[in-house]
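In what follows, a single structure is set out as C-alpha cells and then discussed.
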There are 2 protein chains.
Amino acid sequence: MRVTIEDVAKKAGVSKSTVSRVMNQNYHHITEEKRQKVFQAIRELDYRPNALAKGLKQMKTSTIGVILSNLQNPFWMKVLEGIEDLCQEEGYSLMIVNSRDNLAREEENVKGFLMRQLDGLIINPSLGQNPVFQSLEAYHVPYVFLNRKVQDIQADTIVVDNIKGVSLAVDHLVGLERRRIAVFLYPPEGISPRLERIEGYLKALRANRIEVREDWIKIVTNREDCRREMQVLLEAQERPNAILSTNNMLTLDILESLKESGYRVPEQIGVVGYDETEWSKHLDPPLTTIVQPAYEMGKAAVKRLIERIRAKEQKVQLAAETMELEPSLIVRRSCGGLGD
Amino acid sequence: MRVTIEDVAKKAGVSKSTVSRVMNQNYHHITEEKRQKVFQAIRELDYRPNALAKGLKQMKTSTIGVILSNLQNPFWMKVLEGIEDLCQEEGYSLMIVNSRDNLAREEENVKGFLMRQLDGLIINPSLGQNPVFQSLEAYHVPYVFLNRKVQDIQADTIVVDNIKGVSLAVDHLVGLERRRIAVFLYPPEGISPRLERIEGYLKALRANRIEVREDWIKIVTNREDCRREMQVLLEAQERPNAILSTNNMLTLDILESLKESGYRVPEQIGVVGYDETEWSKHLDPPLTTIVQPAYEMGKAAVKRLIERIRAKEQKVQLAAETMELEPSLIVRRSCGGLGD
DNA sequence: TCGATTTCAGAAATCGTTTTCTAAATCGTA
DNA sequence: TACGATTTAGAAAACGATTTCTGAAATCGA
C-alpha cells in the first residue's frame, strides 16, 4: 500500500541510507551497481518519499505560504501567477489561503503556517496591523508583506506607488480639461493603499492648483452606498465632470450608478478606474485605468522572500526593505478627449 | 527559538506524554494540577505543535489539496469559496495549486500532494485523462473530480448539467423568436463540459425543430481566432440572429468582435453567455447568461470528499458517484425582448 | 489487612526520512 | 607482508510529535 524507503531498501538489497543517498543524488561513494539496483526498485515500487518525514528531519519543507486578503479580486490572481512562476522556477511549492479581510482568519492562517514549518510567508495583510505578526518575528520565519504596509513592524514590503498612480490619473484628467474631479474610495481603516490614494488625490489637486472639495471625496462601503452617494453628488448644483475610482470592484458600482442616473460616460462625466482587468476594455465605454504591475509584484515578493530564506540559512542579517513598483495609465475612452 | 513539546514538558515538570495528552484534550487520567501547569507552560512559551511530526505519526495531515486548471477564471474563485467555507467548518486546511491546463504541471501537482500525505484531493482535471490519476488509486488517497469528467477512471465527480444549461439558453432564444442560433466554443479536446455543451446545442436545436448548420458552430482558440470567425459569420448571406457563448472569457471576445464589426446587441444579434460574473451585469448590454452553481459545486466536492475520507478511516467501501448540479438562466438585456 | 483493581503518568517505541558514526573492504606503499 | 588511508555502505541516532506499554500509587472490596 504505502511504499517507504525501507521497502525500497529491502527490494534493492541495500540499506536505507544508501537509498536516501541515491534519492538525493548524493552519489559520493556509491557504486554504479547499487545505484542501478536502487533506481530499479524505486521505479518498480513507484516510490515517493514522505514529505513530512523529510521536512521533519531537514527542518525545511520547500514550501512557501501565501496569505491573500481577497481571492475574489482578479488583481490578486495576476499577482498569484507571478508568485507561482518564480516559485516553480526556484523549486518551492505553494500553500495559498484566503483571509477574506478577516483578522481572525488571518491569525489562524499565520498560526497554521507556523505549525507547518513553512520556509517562508508572503502576506497581503488585511489591515494595518495584527498582533499575530509578532509571532513571525519570534519564530524567525522569513516573510514579506505585499501591497499593504504594516505599522510598527520592520519588515520587507512590496508595494506600488499609489501617490504616483493617482497623480497619473489626475494629470490625465486635467490635461483633458476635466478639473472637477470627485474621488470614490472604500473606508481607509488604516489600510495603506487607501490612505495613500486619497493622499495622492489631495496632492495631485494641489499640484494642479485645484481646490479640494470635501463633499467630492466619497467614502463608500458597498454598492447601495455607492449608489446613494452618487445621487447626492449628481443632484448638487455644482457637479464634477470626472470621477476617480480607487478600486476595480468599486469601479463597476460607480459605472452602474452612473448608468442608472442616466449619465453618459464620457460625454457628461469621465471615469478613471484602478487596476487593469479582463473586462476593463469591454466596459461601456472602455475604461481608462491606472494599472499596477501585478505579475511583477508577485515575482518581486518571491524574489525577496527567497533572498531572506537564503540569508537565514547562511545566518546573515538582512535589513528590512520597502520596494516600490511603478504604476502606469492605460488610456481608453472613459474620459473622452481621445480620438480612439 | 523553536519550542518543542520537550521544552514544554521540562518547564511544566511533567513528561512529554502528559503534555501531548493535555494538548489533545485527552484528559483521561490527568490531575487538574498537572493540567494547569501544562497550560501555563504552553502559554508562556507560546508553544505550537509541529504539524509535520504530528502528521507523520498520525498518518493524517488534516489538509485537503485542490488542483484547479485555471485560477484566472472568476468562476473558480466562487467554487473555491465554497470549498474554503466547508473545509474551515470541518477543520481541514487547504493547499491550492494551479495547473493552468497543463498536463505536466498537473502531474507534478498530484505527485506533490501524494508526497505530502494530504488527506484528500479535489481535482479539476485539465483534460479528459492523465496517466498520473492512476497513482491516486494505487495510493488509496481519497479524491473527487470537479466539473470535468475523466475517462477510464471510476471516481466521484461533481458536475453541472451542461445539456440542460445550453437548452435553457436555446429555449429562451427560441421563445424570443431568435431561431438562427450560432454557437462559439473552445476546442473540445476531450473536455467533457465542452463536449456536452455542443451536444446540448445540437439536442436543443433538434427539440425545437431547427436545422443544424455546421458553419454556425465556431470552434475558436483565442481572441484573434474569434474575431476572424465572427467576420466570416457576419459576412455570409444568411446570418444568425443570436450567438451562444459556452465560456465566460469567450463571451468577452465575442462581444468585442461584434462591437468591432459594428453590430448592435441585442437589436441585430442576441448573445447568451456562460457563467455569472461580477461584470456580467455591467456589460453593454447587460448579459443574459447561463449560471452554474459555483459555490455549491465547491461545497459538494468537499462534502463528498470528506465522506470518502471517513469511509477510508472506517474501512468501508464506497461506490463511485457522479453528482450533477442544476444550472439556471439569468435573463438580462443581451437577447432583447424583455422590457427591462 | 491483604490482594485486586483502578488511576495516574512516565519510559519507550513509533512514524519515514536524513545524517552522523562506525566498520568492513580495498588499495597503496614501505 | 603489514599497516595506514581511502572507499564504500550499513547501523544507529536524530527530527518532534503520538501512543502503547509499564509500573507505582491510590483505592476498593472482603
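From a predicted model like this one, the values you see are computed outputs, not experimental measurements. In what follows, every chain begins at residue 1, and chains take the letters A, B, ... in the order their sequences are listed.
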**Request:** Note down the inter-axis angle between the two ends of the helix from dT1(C)-dA30(D) to dA30(C)-dT1(D), five pairs each, to the nearest 10°.
**Result:**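 The two end axes of the helix from dT1(C)-dA30(D) to dA30(C)-dT1(D) meet at 60°.
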**Item:** Verdict with reasoning, F133(A) to Y143(A), per ring pair (Phe, Tyr, Trp, His ring centres under 6.0 Å)
**Value:** CA-CA 10 Å; F133(A) 294 151; Y143(A) 64 97; 7.5 Å; no
Whole-Å distance separating the [atom1] atom of [X] from the [atom2] atom of [N]:
| X | N | atom1 | atom2 | answer |
| --- | --- | --- | --- | --- |
| R116(B) | dT17(C) | CZ | C1' | 15 Å |
| E32(A) | dT7(D) | CD | P | 18 Å |
| K60(B) | dA17(D) | NZ | P | 18 Å |
| R35(A) | dT7(D) | CZ | C1' | 15 Å |
| E33(A) | dT7(D) | CD | C1' | 15 Å |
| K37(B) | dC8(C) | NZ | C1' | 14 Å |

Output side-chain donor-acceptor pairs under 3.5 Å for residues 30-40 of chain B, partner residues at least two apart or in another chain, one line each.
{"residue": "E32(B)", "atom": "OE1", "partner": "R35(B)", "partner atom": "NH1", "Å": "3.4"}
{"residue": "E32(B)", "atom": "OE1", "partner": "R35(B)", "partner atom": "NH2", "Å": "3.2"}
{"residue": "E32(B)", "atom": "OE2", "partner": "Q36(B)", "partner atom": "NE2", "Å": "2.7"}
{"residue": "Q40(B)", "atom": "NE2", "partner": "E44(B)", "partner atom": "OE2", "Å": "2.6"}

With the criterion being N/O to N/O and under 3.5 Å, what pairs connect the protein with nucleotides 9-16 of chain D, and how long is each?
{"residue": "dA9(D)", "atom": "OP1", "partner": "T31(A)", "partner atom": "OG1", "Å": "3.0"}
{"residue": "dA9(D)", "atom": "OP2", "partner": "T31(A)", "partner atom": "N", "Å": "3.0"}
{"residue": "dG10(D)", "atom": "OP1", "partner": "K34(A)", "partner atom": "NZ", "Å": "3.2"}
{"residue": "dG10(D)", "atom": "OP2", "partner": "S15(A)", "partner atom": "N", "Å": "2.7"}
{"residue": "dG10(D)", "atom": "OP2", "partner": "S15(A)", "partner atom": "OG", "Å": "2.6"}
{"residue": "dG10(D)", "atom": "OP2", "partner": "T18(A)", "partner atom": "OG1", "Å": "2.5"}
{"residue": "dG10(D)", "atom": "N7", "partner": "R21(A)", "partner atom": "NH2", "Å": "3.1"}
{"residue": "dG10(D)", "atom": "O6", "partner": "R21(A)", "partner atom": "NH2", "Å": "3.3"}
{"residue": "dA11(D)", "atom": "N7", "partner": "S17(A)", "partner atom": "OG", "Å": "3.4"}
{"residue": "dA11(D)", "atom": "N6", "partner": "S17(A)", "partner atom": "OG", "Å": "2.9"}
{"residue": "dA14(D)", "atom": "N3", "partner": "K57(A)", "partner atom": "NZ", "Å": "3.1"}
{"residue": "dG16(D)", "atom": "N2", "partner": "A53(B)", "partner atom": "O", "Å": "3.4"}

**Check: K312(B) side chain, H140(B) main-chain N or O, donor-acceptor pair, under 3.5 Å** =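 Present.
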For nucleotides 22-28 of chain D, list the nitrogen or oxygen atoms of the protein found under 3.5 Å from its nitrogen or oxygen atoms, one pair per line.
none

Polar side chain donor-acceptor pair, [X] to [Y], under 3.5 angstrom:
| X | Y | value |
| --- | --- | --- |
| S99(A) | N109(A) | no |
| S20(A) | S17(A) | no |
| R148(A) | S126(A) | no |
| Y139(A) | D46(B) | no |

**Asked** More than 12 heavy atoms of other residues, nucleotides or ligands under 6.0 Å from CD of Q154(B): is that the case?
**Response**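 Incorrect, the count does not exceed 12.
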**Listed partners of D7(B) passing salt bridge (Lys or Arg N to Asp or Glu O under 4.0 Å), at least two apart** =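 For D7(B) there are no salt bridge (Lys or Arg N to Asp or Glu O under 4.0 Å) partners, ignoring immediate neighbours.
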**Request:** Taking salt bridge (Lys or Arg N to Asp or Glu O under 4.0 Å) as the test, write out the residues that go with E313(A), two or more places apart.
**Result:**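 Here the qualifying residues are K60(A).
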**Request:** With the side chain counted from C-beta on, respond yes when L56(A) and N50(B) share a heavy-atom pair under 4.5 Å apart, and no when they do not.
**Result:**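 They are in side-chain contact.
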